[in-house]
Amino acid sequence: MSAPHESQGTCLCGAVSIRVSLASYGVSVCHCRMCQTWSGGPMLAIESDEPMTFEGEENVSVYASSDWAERGFCQQCGTHLFYRLANGQHYAFPVGLLDAGEPWTVAQQIFIDEKPSFYDFANDTPRLTGDEVFAQFAGSAGS
C-alpha cells in the first residue's frame with residue numbers, strides 16, 4: 001500500500017474536473033461485459049473509497065447501469081468520469097482521466113471469466129471471476 005496521494009483530472013472539454021485522494025497507484029482491470037460496452041474494451045480503473053470533489057458538477061450525468069452501480073459522464077463531451085456503487089461509497093475512475101505521470105501499476109484483473117479471448121495482459125496479477133468479486137463486496141458490506 002502506498003502513502004495516500006491526491007490525483008486530479010478533467011474531461012475532454014474541461015467542463016468537469018475531479019480531485020480525489022487515492023490510497024495506492026494500483027490499477028484494476030475490469031473485463032465485465034458492461035465495462036466492455038461502456039469503454040470499448042476493458043476498463044483500466046483507479047479505485048477509491050475516499051470522498052472526491054467535482055468542479056462543474058452541473059455537467060455530470062449519472063446513469064444507473066445496474067441495481068448496485070452507476071456510471072457518470074460529462075454531459076457536454078461524453079468523457080467517462082466514474083463508476084460508483086449505488087451507495088456512493090466506492091468509486092472507480094478511468095486511469096486515463098487521472099493520469100498525470102503517476103507511477104501506476106496493474107494490481108488486479110476482475111471479471112476474468114468475461115474477458116474476450118482476443119487479448120491478454122502479461123502482468124502477473126490476481127485474477128478474480130465475477131462471483132469472486134461479488135463475494136468480496138458482500139464480505140466488506142458489514143465492515
Side-chain angles (χ1 to χ4, degrees), residues 1-116 118-123 125-141 143:
M1 184 82 59
S2 306
H5 65 281
E6 189 170 276
S7 193
Q8 56 190 10
T10 61
C11 65
L12 286 170
C13 71
V16 179
S17 62
I18 65 169
R19 184 178 305 268
V20 62
S21 179
L22 301 172
S24 81
Y25 291 101
V27 175
S28 294
V29 179
C30 184
H31 301 284
C32 82
R33 189 68 196 123
M34 203 171 299
C35 280
Q36 292 177 49
T37 300
W38 191 46
S39 65
M43 181 173 174
L44 305 176
I46 304 301
E47 298 182 65
S48 179
D49 294 329
E50 298 299 319
M52 43 99 41
T53 58
F54 282 111
E55 288 184 30
E57 193 165 0
E58 68 277 6
N59 294 301
V60 176
S61 287
V62 176
Y63 172 69
S65 56
S66 66
D67 290 341
W68 62 88
E70 304 170 324
R71 295 169 190 266
F73 57 94
C74 173
Q75 60 186 328
Q76 302 302 316
C77 66
T79 297
H80 299 167
L81 301 171
F82 60 83
Y83 164 95
R84 71 177 174 209
L85 295 182
N87 69 14
Q89 301 202 6
H90 180 84
Y91 281 82
F93 305 95
V95 68
L97 178 68
L98 301 177
D99 189 12
E102 288 89 347
W104 307 117
T105 59
V106 175
Q108 69 175 345
Q109 296 182 59
I110 62 173
F111 288 90
I112 197 69
D113 50 326
E114 295 185 31
K115 184 189 82 55
F118 66 85
Y119 69 82
D120 282 303
F121 285 84
N123 309 72
T125 64
R127 298 163 56 98
L128 303 173
T129 66
D131 288 342
E132 291 168 328
V133 171
F134 287 123
Q136 255 186 0
F137 277 106
S140 66
S143 303

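All values derive from a computational prediction rather than experimental measurement. The figures that follow rest on heavy atoms only: side chains count, while hydrogens, waters and symmetry mates do not.
- With sequence neighbours left out, the ring-ring contact (aromatic ring centres under 6.0 Å, His included) criterion links Phe73 to no other residue.
- Here the side chain of Glu47 pairs no donor or acceptor atom with the backbone of Leu22 at under 3.5 angstrom.
- Note that NE2 of His90 and CH2 of Trp68 are 14.0 Å apart. Values are rounded to the nearest 0.5 Å.
- Remark: Glu55 pairs with Ser17 by the side chain to side chain contact (heavy atoms under 4.5 Å, CB included) rule, at least two apart or across chains.
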Quick one, Glu70 with Arg84, criterion salt bridge (charged side-chain N to carboxylate O under 4.0 Å, His left out). Give me CA distance, side-chain angles, the key distance, then yes/no. CA-CA 5 Å; Glu70 304 170 324; Arg84 71 177 174 209; 2.7 Å; yes
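- Taking the six-membered ring for Trp and the full ring otherwise, Phe54 and Phe82 have centroids separated by under 6.0 Å.
- When side chains are defined from C-beta on, Thr53 does not count as touching Ile18, because their heavy atoms never get closer than 4.5 Å.
- The line from SG of Cys74 to NE2 of His80 is 11.0 Å long, rounded to the nearest 0.5 Å.
- Between Pro42 and Lys115 there is no side-chain heavy-atom pair separated by less than 4.5 Å.
- Expressed to the nearest 0.5 Å, how far OG of Ser61 lies from CG of Leu81 amounts to 9.5 Å.
- Atom-to-atom distance recorded for Cys30:SG and Leu44:CG is 10.0 Å, nearest 0.5 angstrom.
- The aromatic rings of Phe93 and Tyr91 sit parallel to each other, their planes meeting at less than 30°, with 60° as the upper class boundary.
- The ring-ring contact (aromatic ring centres under 6.0 Å, His included) test applied to Phe111 returns Phe134, not counting sequence neighbours.
- Legend: salt bridge (Lys or Arg N to Asp or Glu O under 4.0 Å) pairs involving residues 19-28, not counting sequence neighbours, sorted by first then second residue: Glu6-Arg19.
- Looking only at distances, no side-chain donor or acceptor of Thr10 sits under 3.5 Å from a matching main-chain atom of Val16.
- Residues satisfying the side chain to side chain contact (heavy atoms under 4.5 Å, CB included) criterion with Val106, sequence neighbours excluded, are Val29, Asn123, Thr125.
- Residues meeting the side chain to side chain contact (heavy atoms under 4.5 Å, CB included) test with Glu132, sequence neighbours left out: Leu128, Thr129.
- For His31 and Tyr119, the ring centers sit closer than 6.0 Å to each other.
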